[in-house]
Engineer: 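If you scroll down you'll find the structure; I have some questions about it.
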There are 2 protein chains.
Amino acid sequence: MTGEAHSPFIRKLSAFVVLSESELAVLARLHRRRRTFAAGQDMVHQGQSAQTAYILSAGWVCSYKIQPDGARQIVDFQVPGDFLGLRSVLLRTSDHSFEPIVDIEAVEVLAHDLLDAFAQTPRLATAILWAASRDEAMVVEHLVGIGRRDAGARMAHFLLELGSRLALVGMGSKKGFDCPLTQYHLADTLGLSAVHVNRVLRQLREHALVTFRNGRVSFHDYEGLVKLAEFDPAYLDQAGPLLK
Amino acid sequence: MTGEAHSPFIRKLSAFVVLSESELAVLARLHRRRRTFAAGQDMVHQGQSAQTAYILSAGWVCSYKIQPDGARQIVDFQVPGDFLGLRSVLLRTSDHSFEPIVDIEAVEVLAHDLLDAFAQTPRLATAILWAASRDEAMVVEHLVGIGRRDAGARMAHFLLELGSRLALVGMGSKKGFDCPLTQYHLADTLGLSAVHVNRVLRQLREHALVTFRNGRVSFHDYEGLVKLAEFDPAYLDQAGPLLK
DNA sequence: CGAGTAGTTGATTGTATTCAAAAATAGTGG
DNA sequence: CCACTATTTTTGAATACAATCAACTACTCG
């Protein structure tokens, strides 16, 4: 073991490619500009032209879109190790906003440095393409949930997915996990009203499946919840490096 | 002009990177295995481990997920020039299915050849990452639509987006476009029942906004429709090559 | 011409939303 | 430590939107 642990981001990419010394060096060079952001203050705003992306080191962020009528749809959450704003850089303007849910720590990556890194190390580009695909798979699953699951199954599925993601980085288990989200976050994520979120949570609690309270999600009947949500974690699984 | 036109795929990538002769050669090598598929016969099935991706040359395809209870959610449509199954290759199993809507023509790309191509030409990897980002932006917009737009706005937005995409490849205009989809496709795309799709289409028709009939979408009041859908095509725009 | 597919409509049921307001909780400054 | 404010959570009642059930029409294909 080295004295300094790899960043969660590098740990995540390593699940897909075995990174060489020189690739690690290129990655390390991307990791210079450490930044912090306060909870609630948007890091990137929808419509803004984006020259920088971020790699999240600590804390939770959500990415969302605001509609002209003011309705908000949260698209995804980022937890440590997740990339943030890659799409904004490639498409040159951000089609969505990023809001830190809590105070966070992130590494700033300039568009130019990122494209340079891709040019130097194609395997790194492939690895990041893999990570982007995994994120897209989550968005797709989210889409399916909103389109074709009822409110209860949707909520159950969301909590299970979040639990699985956090378990991968050691921040949760089948017992539960700490969760800084409010019921408004859940509503804007699941396409429900905050009031209805509250009712659905009560039902899940009354059926002794899961409790969401005081910043903590506690699974009481994990298997029952999996059954209700028809949760199949296949799309999250990492089956070992594809690129040796 | 050359005797043979570039494939729509190459035309699309060129919007992002200026491709060199050697990069075009690598792309050409990917374009060998031409295949055809009959309408309705799934090309790739959910859960199947995937070693091949496709580049669509002609026809329409939809990608969808089936839920354990039988409900179907269409995630996206592919039109000529679109990549198909990239995610399946990188994640090694397909989390969704592909169904040709009409008889189609596609180029088969082996996982191995694709990863090789990335290793040889990092700019190509970046270009494909760009295309994937653009696709993801559409999925995200779709998610927002299902989560936060009512049935009418959802339908209007979908038809406008499809029109814009087709206009980019010369297959539609602000007058309308030919469309082989059934109302069942629309229902499974928008998260509605087929019956409700029918009602919504009738309302749009009665308000003289748009007609969907006989395999043809006709815009009668394009601006009115844009207003109803709050359609902002920014996420589809291509503002010229980022990589020179 | 019958069978099948796609589209159309009405009536009814149910789910989720909205509006309104009270109760619990967290944070702040005196 | 307590009063005060702002969030967040909880509940009730009325309403709106979309689903389901059940026919019925139009069109295509063998």
Engineer: Below 4.0 angstrom, N of the basic side chain to O of the carboxylate: do B/E141 and B/R149 qualify?
Structural biologist: yes
Engineer: Can you see if the side chain of B/N198 gets near the phosphate of C/dG7 - specifically, an N or O under 4.0 Å from OP1 or OP2?
Structural biologist: no
Engineer: Without decimals, in angstroms, what is the distance between A/F212 CZ and D/dT9 P?
Structural biologist: 6 Å
Engineer: Using a cut-off of 4.0 Å on non-hydrogen atoms, how would the nucleic acid contact of A/G215 be classed: base, sugar-phosphate, or nothing?
Structural biologist: nothing
Engineer: Quick one: label A/T182 by what it contacts on the DNA or RNA (base, sugar-phosphate, nothing), any heavy atom closer than 4.0 Å.
Structural biologist: sugar-phosphate
Engineer: Which label fits A/H31 and A/F9: parallel for a plane angle under 30°, tilted from 30 to 60°, or perpendicular past 60°?
Structural biologist: tilted
Engineer: Checking only heavy atoms, does the side chain of A/R199 share a donor-acceptor pair with the base of D/dG12 at less than 3.5 Å?
Structural biologist: yes
Engineer: Report the distance from atom CD of B/E206 to atom C1' of C/dT9, rounded to the nearest whole Å.
Structural biologist: 12 Å
Engineer: For B/D69 and D/dA19, give me the distance from atom CG to atom P, rounded to whole Å.
Structural biologist: 14 Å
Engineer: Classify the ring geometry of B/Y54 against B/F37: parallel below 30°, tilted from 30° to 60°, perpendicular beyond 60°.
Structural biologist: perpendicular
Engineer: Starting at the 5' end of DNA chain D, which residue's closest nucleotide do you reach first, A/A194 or A/R148?
Structural biologist: A/A194
Engineer: Quick one: sort the A/F77 and A/F158 rings into parallel, tilted or perpendicular, breaks at 30° and 60°.
Structural biologist: tilted
Engineer: Round to the nearest Å and state the distance from A/L190 atom CG to C/dT17 atom C1'.
Structural biologist: 15 Å
Engineer: Can you check the B/H196 NE2 to D/dC17 P distance for me, whole Å?
Structural biologist: 9 Å
Engineer: Among D/dT11, D/dA18, D/dT10, which nucleotide sits nearest the side chain of A/R202?
Structural biologist: D/dT11
Engineer: Check the distance between D/dA19's C1' and B/D150's CG and give it to me in whole angstrom.
Structural biologist: 16 Å
Engineer: Please check if atom CG in B/N214 has more than 12 non-hydrogen atoms from other residues, nucleotides or ligands closer than 6.0 Å.
Structural biologist: no
Engineer: Find out whether the Lys NZ or Arg CZ of B/K227 is both under 6.0 angstrom from the six-membered ring centre of B/Y222 and within 45° of the ring's axis.
Structural biologist: no
Engineer: Can you measure A/H185 atom NE2 to D/dT7 atom P for me and round it to whole angstrom units?
Structural biologist: 13 Å
Engineer: Taking only N and O in the side chain of B/Q183, is any of them less than 4.0 Å away from OP1 or OP2 of C/dT8?
Structural biologist: yes
Engineer: Applying a 4.0 Å non-hydrogen cut-off, can you work out what A/R205 is touching in the nucleic acid: base, sugar-phosphate, or nothing?
Structural biologist: sugar-phosphate
Engineer: If you assign each of B/G191 and A/L181 to its closest nucleotide in DNA chain D, which residue comes earlier from the 5' end?
Structural biologist: A/L181
Engineer: For D/dA18, does OP1 or OP2 lie under 4.0 Å from any side-chain N or O of B/R149?
Structural biologist: no
Engineer: Can you check the A/L201 CG to D/dT10 P distance for me, whole Å?
Structural biologist: 7 Å
Engineer: Need one value for B/G152: base, sugar-phosphate or nothing, where a base atom within 4.0 Å counts as base even if backbone is also close, heavy atoms only.
Structural biologist: nothing
Engineer: Is A/L192 touching bases, backbone alone, or none of the nucleic acid, heavy atoms closer than 4.0 Å?
Structural biologist: sugar-phosphate
Engineer: Between D/dT9, C/dT18, C/dT9, which one does the side chain of A/V195 approach most closely?
Structural biologist: C/dT18
